[in-house]
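Read the structure below first, then the notes.
Count residues from 1 along the sequence. Atoms within a ligand are numbered from 1 in the order they appear, just like the ligands themselves.
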Amino acid sequence: MPQVSATDRSDAPHAAADLRDRTVVLIGGGSGIGLRVAHRVVAAGGRVVLGGRTASRLAAAAEELGDAARWQTVDTGDAAPLAAFFDGIDRVDHLFTTAASYQVGPMRELSPADAASPFESKFWGQYHAVRLAAPKLADDGSVVLMSGAASARPAGLAPAYVACNAAIEGLGRGLAVELAPVRVNVISPGTVDGHLWSNRSDTVREAAFDQYRRESLLGRPATEDEIAHSVVYLFTNTFTTGSTLYPDGGYTLR
Ligand SMILES: NC(=O)c1ccc[n+]([C@@H]2O[C@H](COP(=O)([O-])OP(=O)(O)OC[C@H]3O[C@@H](n4cnc5c(N)ncnc54)[C@H](OP(=O)(O)O)[C@@H]3O)[C@@H](O)[C@H]2O)c1
């Protein structure tokens with residue numbers, strides 16, 4: 001099957017979406033997919049507020065983005081600082097939280113605490129971020145929750161992580177009902193060649209990427225910017241709510 005490589009297309013953000021005068025809160029926006037979303041938001045005329053635990057990472061990201069970006073350290077697992085983070089923001093037009101730190105592995109090998117870590121960090125972190133943002137969300141604004149395509153197509157041995165992502169997709173459907181007319185959607189990406197995987201060992205990363213080359217219809221992992229493009233679509237499509245979008249390159253069993 002002929003394949004189009006990610007490098008054949010430009011990663012340059014473009015201003016097809018209009019986010020003028022919009023404030024977009026990106027917790028986890030100091031790196032990876034969140035940072036690519038920030039670039040697209042700024043290119044579309046919006047402002048970004050970046051959150052994360054590491055001041056130097058956030059400062060470097062804000063420097064890349066220019067005057068439209070501000071940042072504040074926050075840990076989504078820490079209730080008081082998370083509340084203080086939102087106290088400092090008057091209005092939220094769109095919220096996207098990639099912040100999460102968790103362990104992944106087989107049930108028979110993970111400790112109970114490690115098995116619970118995706119729920120503790122990725123599920124409850126996002127839940128509390130939305131809860132605190134809710135009073136400030138613009139009626140014509142939106143929330144995008146971060147899931148992962150493992151929810152529907154588990155590629156490795158990680159049942160608690162799989163279940164956590166499925167729970168986030170259910171949370172998105174439930175919050176869409178509670179928060180309407182604010183739109184709530186979920187992004188559920190496949191494997192992405194970017195910051196998250198660059199922090200894992202070469203062996204683990206190459207095994208995951210090779211599996212993705214074999215099992216995805218497009219024969220490669222995504223770029224972070226391809227996922228960011230989908231997130232901005234969910235921010236700006238005014239008739240999409242309660243949906244989960246799977247930018248995963250398609251799936252086949254070979
Ligand atoms: N990359 C993929 O292949 C892929 C595929 C599917 C789903 N996902 C999901 O995408 C999310 C990760 O995003 P990414 O791929 O863009 O990775 P990333 O670059 O590692 O982004 C995560 C960001 O969140 C911050 N962070 C982590 N824990 C935090 C916490 N407790 N409080 C506040 N900030 C925190 C990190 O910065 P600090 O460490 O400085 O806080 C980092 O900037 C995860 O939910 C992951 O499950 C990723």
Output the list of atoms in ligand 1 that are nearer than 4.0 Å to some heavy atom of [X], sorted by atom number.
X      : answer
Ile33  : 15 (O), 16 (O)
Met146 : 9 (C), 10 (O), 11 (C), 45 (O)
His195 : 18 (P), 19 (O), 20 (O)
Thr98  : 11 (C), 12 (C), 13 (O), 22 (C), 44 (C), 45 (O)
Gly32  : 16 (O), 19 (O)
Val74  : 32 (N), 33 (C)
Val192 : 1 (N), 2 (C), 3 (O)
Tyr102 : 44 (C), 46 (C), 47 (O)

Give me the residue, atom name and distance of the protein heavy atom closest to [atom].
atom                    : answer
atom 39 (O) of ligand 1 : Arg53 NH2, 2.8 Å
atom 38 (P) of ligand 1 : Arg57 NH1, 3.4 Å
atom 7 (C) of ligand 1  : Ser147 O, 3.2 Å
atom 34 (N) of ligand 1 : Ala99 CB, 3.2 Å
atom 17 (O) of ligand 1 : Leu196 CB, 3.5 Å
atom 43 (O) of ligand 1 : Ser31 OG, 2.7 Å
atom 31 (N) of ligand 1 : Asp75 OD1, 2.9 Å
atom 28 (N) of ligand 1 : Ser101 OG, 2.9 Å

Practice task
Give the cluster check for Leu82 versus Ile89: same hydrophobic cluster or not, with ILVMFWY residues linked at side-chain heavy-atom distances below 4.5 Å.
Solution key: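 Result: yes, single cluster for both.
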Handout entry: Side chains of Trp197 and Val204 in contact at under 4.5 Å (non-hydrogen atoms)
Key =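 Yes; the side chains approach each other to less than 4.5 Å.
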Exercise for the section: Using side-chain contact (heavy atoms from CB on, under 4.5 Å) as the criterion, point out the one residue from Ser230, Pro189, Ser151 that pairs with Tyr246. Expected result: Ser151
Is any N or O atom of [X], backbone or side chain, closer than 3.5 Å to an N or O atom of ligand 1?
X      : answer
Thr76  : yes
Gly52  : no
Tyr161 : yes
Ser121 : no

Exercise for the section: Sort out for me which residue in Arg22, Arg47, Arg183, Lys136 forms a salt bridge (charged side-chain N to carboxylate O under 4.0 Å, His left out) with Asp93. Expected result: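 Only one of Arg22, Arg47, Arg183, Lys136 forms a salt bridge (charged side-chain N to carboxylate O under 4.0 Å, His left out) with Asp93, namely Arg22.
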Practice task
Measure the spacing between OG1 of Thr191 and CG of Asp210 and express it to the nearest 0.5 Å.
Solution key: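 Interatomic distance, Thr191 OG1 to Asp210 CG, rounded to 0.5 Å: 11.5 Å.
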Fill in the blank from the handout: Output for pair (Thr244 OG1, Arg173 CZ), nearest 0.5 Å, gives 5.5 Å
Practice task
Answer with yes or no whether the side chains of Arg36 and Thr223 bring together a donor and an acceptor at under 3.5 Å.
Solution key: no
Practice task
Walk me through it: do Val24 and Phe96 pass the test side-chain contact (heavy atoms from CB on, under 4.5 Å)?
Solution key: CA-CA 8 Å; Val24 179; Phe96 179 51; 5.8 Å; no
Is there a donor-acceptor contact under 3.5 Å from the side chain of [X] to the main chain of [Y]?
X      : Y      : value
Glu63  : Ala59  : no
Thr241 : Val184 : yes
Ser147 : Asn165 : yes

Practice task
Under the side-chain contact (heavy atoms from CB on, under 4.5 Å) rule, what do Ile27 and Val74 come out as? Steps first, then yes or no, please.
Solution key: CA-CA 8 Å; Ile27 311 181; Val74 66; 4.0 Å; yes
Problem - 4.0 Å heavy-atom contact, Pro189 with ligand 1 - result: yes
Handout entry: Min heavy-atom dist Gly190 to ligand 1 below 4.0 Å
Key = yes
Exercise for the section: Please test Arg57 against His195 for side-chain contact (heavy atoms from CB on, under 4.5 Å), starting from the C-alpha separation and ending with a verdict. Expected result: CA-CA 12 Å; Arg57 172 171 291 156; His195 179 258; 3.7 Å; yes
